[in-house]
Structures are given as structure tokens and as C-alpha cells.
Amino acid sequence: MAPNRVRTINLLLIDENSLFREGLKRELERDMEFQVLAEGDTEEQLKFLYQKYLPHVVIMDVDFHKKSGIDTLEELTTVQPHSKVLIFTSTVDSYFVSLVLKKGASGYMLKKMDVPAIVDAIKTVFRGEVYLHPELTGDFISEFRQLKKRESDGKFYQKAVMRPYHLLTRRETEVLQLLAEGYSNKNLSKVLEINEKTVKGHVSAILRKMDVHDRTQAVVTAIKNGWIELK
């Protein structure tokens, strides 16, 4: 008989719909790596339950029509900067994606995702990476720039960019910047005057060194760390 797998990822669920929470808990705990330590039905319970149970990952819905949810998220991630919060909502809006990532969330899921995708998202943030639902990636960078502009009263300002030369080569850093600007492999090949095979090699090296799974995660991580210039 195979040995029992140890549950290694402890979760906290915050959602006002008790039936949804129960269904999600049941599905997640089919995977023996997950254990739901506690549940809450209001955003206000987040800090109390987090401090009591110290979960590895928080999965929470946010009512974006109420400022309290965003404030609570920011309060938690300020006091607990290593906390990993996955926003799990039906709201498909790149502005809110930018907002919650800025406030400290580690990822953004949509409730229409299937269970394997949810499991992957949780494991992604548990590893310390950023998860963003693929449907939202197209407008994310543009909206992030707009958020920065709104916060500075129409004047775009970004603190000094700290290029990740401690992690990537200068060429890889250049490729990362161009990925953030939306360049495809074909366009990268033209701009850098190298063949597409070499481009793919640089992209693979970036993902490996940043310990992320795809370009979107690489760009989101780079934005959060201030490694790229937002043009």
C-alpha cells in the first residue's frame, strides 16, 4: 500500500457564499496536499482568521463595490508581508487586477476556472510566484500603466528601475523588457536581429531563472519588483 501523502498547503477560504465555500473545500481536499484550516464569510474576518491559523494561502472573494475589502487586503499584506492571498472572483476587469496586485495580492483567479486550474494557481502562489488568469493578461500591462497615471494626477512617474542583473544577463533583461512591451518571438527576433531559436532560448532561460511557468508570470513579477520600465 502506498504511504499517505502529507497535507502540506494549509488554506483559509473567505467568501460570503457558504455553499460555494463548502463545495470548493470538498474539491480541494480531494488533493491530499491541501487542508482548509478555516472559513469566513466576510472580508472583515480575514485578519483575525489569518493571525489565528497562519495559513499558507488565503483564497478570498472581494466585493469591489466596497472599499473595505481592498483596505482589509492591504492591511493584511502590510502587517504580514509574506502572506499569499489569491483573489477568487467573478469580476473580469484588468483595473481590479492591477489594484489588488498593488495592494499585495499574490494572484487573481476567476470563479469559472475548473478544479485543476485552481489547484495549479494555489500551488503557483505557494511557491512564491504570481498567478494571473490567462483571460486577463492581454490588458493587464496597459491597465497597470493607467493606474500609475491616475495615482499621479495624470503625470506618469515611476521610481528608478532596478534591472535584475543579479539574476539575468543583460541580453535576458533586454528580452524581459520587450516581453513586457508585448513583443512576440518573431518581433523580438527582428528587433534584436537574432533568430527565433535564440529568442526561445533566452525566454526559456528567463522563465527558469525567475522560477515562473510562463511569460505572463515573468512580466507580472518583473512589474511588482520594479525590474522593467513601464512605457
Side-chain angles (χ1 to χ4, degrees), residues 84 86-87 89 91-110 112-113 116-117 120-231:
K84 296 177 175 63
L86 256 174
I87 303 303
T89 178
T91 303
V92 182
D93 191 312
S94 54
Y95 168 73
F96 291 124
V97 176
S98 301
L99 181 61
V100 298
L101 290 179
K102 179 179 180 295
K103 298 300 184 181
S106 296
Y108 197 103
M109 300 190 296
L110 296 179
K112 63 183 179 181
M113 291 166 57
D120 179 63
I122 295 170
K123 292 182 177 180
T124 295
V125 301
F126 177 70
R127 291 192 300 266
E129 302 171 22
V130 177
Y131 179 85
L132 185 60
H133 190 280
E135 182 176 323
L136 298 161
T137 59
D139 298 328
F140 170 73
I141 296 174
S142 174
E143 189 55 57
F144 191 92
R145 295 182 186 126
Q146 292 301 317
L147 177 63
K148 286 290 186 182
K149 289 179 181 179
R150 282 192 287 271
E151 290 181 339
S152 55
D153 297 324
K155 297 178 181 179
F156 181 77
Y157 173 76
Q158 181 183 20
K159 294 181 179 179
V161 175
M162 300 295 292
R163 300 294 188 183
Y165 295 131
H166 63 289
L167 182 65
L168 306 177
T169 66
R170 287 187 176 275
R171 176 61 97 182
E172 290 163 357
T173 301
E174 184 179 9
V175 171
L176 179 62
Q177 174 68 50
L178 293 173
L179 289 178
E181 294 174 26
Y183 281 74
S184 65
N185 282 359
K186 184 176 181 179
N187 289 335
L188 279 169
S189 175
K190 292 179 180 178
V191 170
L192 300 176
E193 298 182 343
I194 57 179
N195 62 52
E196 287 191 49
K197 183 177 180 181
T198 303
V199 170
K200 291 178 181 178
H202 286 316
V203 173
S204 295
I206 291 168
L207 300 185
R208 183 182 70 254
K209 291 179 180 180
M210 292 181 65
D211 194 22
V212 295
H213 289 162
D214 56 43
R215 294 167 180 238
T216 299
Q217 290 182 11
V219 171
V220 173
T221 299
I223 288 175
K224 292 190 74 174
N225 288 325
W227 290 347
I228 58 176
E229 182 180 357
L230 297 173
K231 297 181 179 180

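In what follows, residues are counted from 1 in the order of the sequence shown. Both backbone and side-chain heavy atoms feed into the values below; hydrogens, waters and symmetry mates do not.
- Heavy atoms only, all atoms of each residue included: Gly107 and Leu101 are closest at N-CD2, 4.1 Å.
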For His202 and Glu172: C-alpha separation, side-chain torsions, deciding distance, then whether side chain to side chain contact (heavy atoms under 4.5 Å, CB included) applies.
CA-CA 6 Å; His202 286 316; Glu172 290 163 357; 4.2 Å; yes
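- With values rounded to the nearest 0.5 angstrom, Glu196 atom CD is found 6.0 Å from Asn185 atom CG.
- A search for salt bridge (Lys or Arg N to Asp or Glu O under 4.0 Å) contacts involving Lys112 returns Glu135, not counting sequence neighbours.
- Using a 4.5 Å heavy-atom cutoff, the side chains of Val203 and Val175 are in contact.
- Residues Met162 and Asn225 are not in side-chain contact: their nearest non-hydrogen atoms beyond the backbone lie 4.5 Å or more apart.
- A donor-acceptor pair under 3.5 Å is formed between the side chain of Ser189 and the backbone N or O of Ile194.
- Trp227 and Met210 make their closest contact through CZ3-CE, 3.7 Å (heavy atoms, listed as atom of the first residue, atom of the second, distance).
- Scanning both residues, Ile228 and Arg163, for their nearest heavy atoms gives CA-NH1, 3.6 Å.
- Atom CG of residue Leu110 and atom CG of residue Leu132 lie 9.0 Å apart, to the nearest 0.5 angstrom.
- Looking at heavy atoms from C-beta onward, Ile206 lies out of side-chain contact with Val212 at the 4.5 angstrom threshold.
- Across all their heavy atoms, Met113 and Ala121 have their closest contact at CE-CB, 4.3 Å.
- Side-chain contact between Leu192 and Leu178 is present, with heavy atoms from C-beta onward closer than 4.5 Å.
- Listed here is the closest heavy atom pair of Ser106 and Val125: O-CG1, 3.5 Å.
- For the pair Lys209/Thr169, a side-chain contact is recorded, criterion being any heavy-atom separation below 4.5 Å from C-beta on.
- For Tyr183, there are no ring-ring contact (aromatic ring centres under 6.0 Å, His included) partners two or more places apart in sequence or in a different chain.
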Determine, step by step, whether Asp211 and Glu129 satisfy the side chain to side chain contact (heavy atoms under 4.5 Å, CB included) criterion, reporting the C-alpha distance in whole Å, the side-chain angles of both residues, the deciding distance to 0.1 Å, and the verdict.
CA-CA 8 Å; Asp211 194 22; Glu129 302 171 22; 3.8 Å; yes
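- Side-chain contact between Tyr108 and Thr91 is present, with heavy atoms from C-beta onward closer than 4.5 Å.
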